[in-house]
Amino acid sequence: MQRPTEQDTETSLGKALAILEAFSFERPEMSVRELAQQSGVSRSTTHRLVLELLDWGALERGPGGVRLGVRLFELGTLAPTHATLREAASPFLHTLNEVTRLTANFAVREGNAIVYLEKIGSRTLKVPHSRMGGRGSLHATALGKAILAFSGPVSLEELLSEPLQPLTPHTMTSRAELNAETRKVRKTSVAYDLEESREGLFCVASPVFDSRGLITAAVSVTGATGQSQAEHFAPTVHAIALGITRALR
């Protein structure tokens, strides 16, 4: 049997990654046909790669097709930076959830998005648009704005080089608005999302810094809409962010 060339391997890897990336919060389980459509990989190749991914544990069978397997979660927990951050933040997030009775979130930046490393849910309020491992917008979330404000002017310019997409009628999409907002966040160390990422919800966040004083993450709470409510919880969120920052030193 002829061994695949380096180019063939890279092509196969790219197609396998495209299949894994086809899954989403809205579509956590799909058939081979659906995976082929979503990933852009031919059906025959998708079928072959799905079998290999099932055998390795990256995928597992479900009642309606296949879904991401636990092997991927196991590997994700080994990422050293994120594992350290989650370990440091976890007790603080539980405290934040208990004190506020709101959903507590912890996220880092990845490109022009945020990735939720931890989420402690509230019994009284479900926040369906965020989940561990899920992504959010930098410009429309309090977490994103808290990180963006301390990421430097070059980082902001990179984000503003393309049109900002509105997620709700309240989303900030202009350069002037976002520039003004990040200046305010740098002064107060508090960022708000008032129905900008999802109507009916507010979020208040504060930045977390590493041992070198560089922005590394942000912490937030999410609750029912109301600016006065968000401002009420701001000191608590900021105190929790300071606690996580000290734990990282």
Q: Would you mind checking if Arg71 and Glu60 are paired as a salt bridge, meaning a charged N to carboxylate O distance below 4.0 Å?
A: no
Compile the donor-acceptor pairs under 3.5 Å between side chains in residues 156-163 and protein atoms, sequence neighbours left out, one pair per line.
from   : atom 1 : to     : atom 2 : distance (Å)
Glu157 : OE1    : Arg175 : NH1    : 3.1
Glu157 : OE2    : Arg175 : NH1    : 3.0
Ser161 : OG     : Glu158 : O      : 2.6

(Q) Do Leu20 and Leu35 land in one hydrophobic cluster if side-chain heavy atoms of ILVMFWY residues count as linked below 4.5 Å? (A) yes
Q: Quick one: closest heavy-atom pair of His232 and Pro235, and the distance?
A: O-CD, 3.5 Å
Q: Taking atom types as modelled, find out whether His170 and Thr168 have a side-chain donor-acceptor pair closer than 3.5 angstrom.
A: no
Q.
For the residue pair Asn105 / Ser220, report whether a side-chain donor-acceptor contact shorter than 3.5 Å exists.
A. yes
Q: Ignoring hydrogens and angles, tell me if any N or O in the side chain of Asn97 forms a donor-acceptor pair with the backbone of Gly121 under 3.5 Å.
A: yes
(Q) side chain to side chain contact (heavy atoms under 4.5 Å, CB included) for Leu96 and Ile120? Distances and angles first, verdict last. (A) CA-CA 9 Å; Leu96 183 60; Ile120 311 298; over 6 Å; no
(Q) Between Glu34 (side chain only) and Ser31 (backbone N and O only), is there a donor and an acceptor less than 3.5 Å apart? (A) yes
Q | Shortest non-hydrogen contact from Ala113 toward Leu138 | A | N-CG, 3.9 Å
Q: Could you tell me whether the side chain of Glu29 and the main chain of Gly64 form a donor-acceptor pair under 3.5 Å?
A: yes
Q. Side chain of Glu177, backbone of Met172: donor and acceptor closer than 3.5 Å?
A. no
Q. What about Val108 and Leu242, same hydrophobic cluster or not, with Ile/Leu/Val/Met/Phe/Trp/Tyr joined at side-chain heavy-atom distances under 4.5 Å?
A. no
Q. At their closest point, which heavy atom of Tyr192 faces which heavy atom of Ala234, and how far apart are they?
A. OH-CB, 3.5 Å
Q) Counting N and O atoms only, with roles assigned by atom type, does the side chain of Thr182 sit under 3.5 Å from a partner on the main chain of Asn179, one being a donor and the other an acceptor? A) yes
(Q) For Ser189, is there any backbone N or O sitting under 3.5 Å from a side-chain donor or acceptor partner on Ser206? (A) yes
Q) Checking Ser197 side chain against Asp193 main chain: does a donor-acceptor pair fall under 3.5 Å? A) no
Q: Among Thr103, Thr236, Val204, Val99, find the residue that satisfies the side chain to side chain contact (heavy atoms under 4.5 Å, CB included) test when tested with Val221.
A: Val204
Q) Between Arg67 (side chain) and Gly69 (backbone), is there a donor-acceptor pair under 3.5 Å? A) no
Q: For Pro207 and Phe150, work out which heavy atoms get closest and say how close.
A: CG-CE1, 3.5 Å
Q) Has the side chain of Thr46 got a donor or acceptor atom that lies under 3.5 Å from a matching backbone atom of Ser42? A) yes
Q) Yes or no on side chain to side chain contact (heavy atoms under 4.5 Å, CB included) for Lys184 and Lys187, after CA distance, side-chain angles and deciding distance? A) CA-CA 5 Å; Lys184 190 184 301 182; Lys187 291 180 180 178; 5.8 Å; no
**Q.** With sequence neighbours excluded, residues passing side chain to side chain contact (heavy atoms under 4.5 Å, CB included) with Phe106
**A.** Leu85, Ala89, Leu93, Leu117, Glu118, Val208, Ala217, Val219, Ile244
Q: Please report the closest heavy-atom contact between Leu51 and Arg61, naming both atoms and the distance.
A: CD2-NH2, 4.1 Å
